[in-house]
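A quick write-up on the structure given underneath.
All ligand and atom numbering here is 1-based and tracks the order in the structure. FYI, side chains are in, hydrogens and waters are out, and symmetry mates aren't considered; it's all heavy atoms of this structure. Every value quoted in this text rests on a predicted model; they were computed, and no experiment measured them.
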Amino acid sequence: MTSLIPAPSSVGGPEGRPFVLDEDTEIEAGRDAKGVARWLRATVGAATGLPLEPYTSGASRILLRITPTLADELGSPEAYRLTVDEHAVVIDGAGREGLFYGAQTFRQLLGPAAFRRAPVTSERTWEVPPVTIGDAPRFRWRGLMLDVARHFMSKDGVLRYLDLMAAHKLNVFHFHLTDDQGWRVEIKRYPRLTEVGSWRARTKFGHGASPLWEEKPHGGFYTQDDIREIVAYAAERHITVVPEIDVPGHSQAAITAYPELGNTDVIDTTSLTVWDSWGISLNVLAPTDNTLRFYEGVFEELLELFPSEFIHIGGDECAKEQWRESPLVQARIEELGLADEDELQSWFIGHFDKWLSARGRRLIGWDEILEGGLAEGAAVSSWRGYAGGIAAARAGHDVVMCPEQQVYLDYRQDAGADEPVPIAYVRTLEDVYRFEPVPPELTPEEAAHVLGAQANVWTEVMEDQGRVDYQTFPRLAAFAEVAWSPLPAPAERDFADLERRMAAHYELLDALGVGYRPPTGPLPWQKRPGVLGRPIEGAPPNK
Ligand code: ACM
C-alpha cells in the first residue's frame, strides 16, 4: 500500500525485488520527454546527489516516453502509467503532462528525502518496491488561487508555490494580481499603477474589525520579466497561470494611481490612497469609455505575458453605491438602455468578454458576473457557494467550483482559541477532503461544464510566507486529492486512510520546508497573534 497523495486510480503489480536508484541509473528520454528528464535531474538528482545521466549502457534505467494511446485507455490526455521492477522504471505519459505526473509519483515513491534540495547523507540507498500504477486526473482544472494583492509574495515565493502545486499535481495557478490594497503587475504604458498602486502606507492587522494597524509601508510588484519567468517556470511544471485583474470593484489601488478611473462626480478621487483596510471598498471604476480604453491597454499587455486560454476579470463584490449616486453613471445607464446598476456591471463585463473573445481568449469571472445576465462564452468561478456554478452550468457555461464554505483556505482550521487569526468558518482537513466539486443537482450534461475545482488563498490575514504555508497546508493536500483522484461520494470517503497517508505526507512537507499546521494544532510560534505581538479580540467573519 502506498502513501501517495493524491491517490492514484489504480495500484498493482508483482511482488519482487525493488528498483535501486544509484550511480549507474541513467535516464532514457525521447525528444518530447527531455523536459521531464531535466526536471528529474534537477529535483531527484539534487536530493540524492546522483548524476542520473543520459542513457547509454543499460545498467539501470528510467525510461520516459510518450504513449498517446494511454489517453483513450485511461480516459485523459493527462494520464500516465508507471511501472517499476528490479531493472527499470518506465513512465509512459499520454502526453508531456502525464509524463510529468508520472515522474512526480516516482519521486513520492522514493520517499520524503527525495524532496530535499541536497542529500543529508551519502550512506542511504534509494529503493522503490515493484509496482504498476495507472493514473489520470478526475478534473482538468485543479486550481490554486493566490492573492498577492493583499499581501505581496516575492517572485521566489511564487516560484516555490508553483513547485508545491506541481508536487500535488495541481495545474492552474490563478494569480490574483490586483485589488483595493495593491496593484502587482508592471504595465508599461501606465507606470503609476505600480509607482503609486503597488504599495500602501500601512496595513490593517488581523480581520476587518480589528482595531490594529501595522504602521509600516507594504508593497511590491512583478516586472514583466518576472511575470515571464513565472509563466515559463509554471509551464515547465505543466501549470497554466490565469491572471486576474479585478474590475470594476476591488479597484481602489488603480483609482489611486489614475484618479480619472473613479467616480469623480461623487468623490474626490485625487485624495484616495491605496487601501489600508479589509472588506469591500466603495471606490469602484467609473463605467466610462475612458475606463474601457484604459483597461483594454492593461489587457493588451497582459495577453502578451500570459498565454492562458482564460483571463480572469474578477467581477466580485462591486459596491454599487457610487454608481447609484453618480449623475454621470445614471446618464450612462440610460444612454445604454440598461435597467439598473446590475445590468451596468454585466455590460462592463460583457465588453471585456467580447474584447477577449476577439483575441482568441476566454473570460472567466467570479459568480457575481451572473447578476444582470452572463456574457456569452464567459466561465464562472463559483465562490459564494454552489448556486452560481449550478446556474451557470445549467445555462451552458463552464464553471470552476471554489465555494468559500468549502475551499477558502484563509478560513480557520479549528475552533480552538489558538488559531492565529480566527476568521470565518471552521474548515478542517476532513471538511476539505469531503468537498465535492460536482453538485448532485446537475445532470451529466450540465456536470460536464464543471471544469474542475480550485482552492483560494486570500491573504488579508497572512502577512508572510509562514502564515500562507500554515493556512494552505495540509489542507491543500486533501484538496489535491479531491481534484485529482476518483473518490466516492463525500460521506463515503475514507478519511482515516487519508490521515494514514498524511503521516508520510507531513514528512514530505517537512522536507520541502512547508510550515503547515500540525495535526495537533499550531506550534508556539504559529500561535503568535501577529507582528504586533498583541492579541486580536473577537472573531467576526472577514467578509
Ligand atoms: C471573493 O472571495 N470575493 C471572490
Is the closest side-chain heavy-atom distance between Asn283 and Ser251 below 4.5 Å?
no
Any side-chain heavy atom of Trp199 within less than 4.5 Å of one from Phe152?
no
Taking only heavy atoms of Tyr408, which atoms of ligand 1 are found under 4.0 Å from at least one of them?
1 (C), 2 (O), 4 (C)
Is there a nitrogen or oxygen of Trp383 sitting under 3.5 Å from a nitrogen or oxygen of ligand 1?
no
Going by side-chain contact (heavy atoms from CB on, under 4.5 Å), name the residues that satisfy it together with Leu282, two or more places apart in sequence or in a different chain.
Ala319, Glu321, Gln322
pair Glu304-Lys188: side-chain heavy atoms closer than 4.5 Å:
no
Which of the atoms in ligand 1, numbered in the order shown and given with their element, are less than 4.0 Å from a heavy-atom of Trp458?
1 (C), 2 (O), 4 (C)
May I ask you to identify, for Glu404, whether its side chain, its backbone, both or neither come under 4.0 Å of ligand 1 on a heavy-atom basis?
neither
Give yes or no for whether the N/O distance cutoff of 3.5 Å, strictly under, is met between Trp366 and ligand 1.
no
Listed by chain and number, what are the side-chain contact (heavy atoms from CB on, under 4.5 Å) partners of Arg384, not counting sequence neighbours?
Asp367, Glu368, Glu371
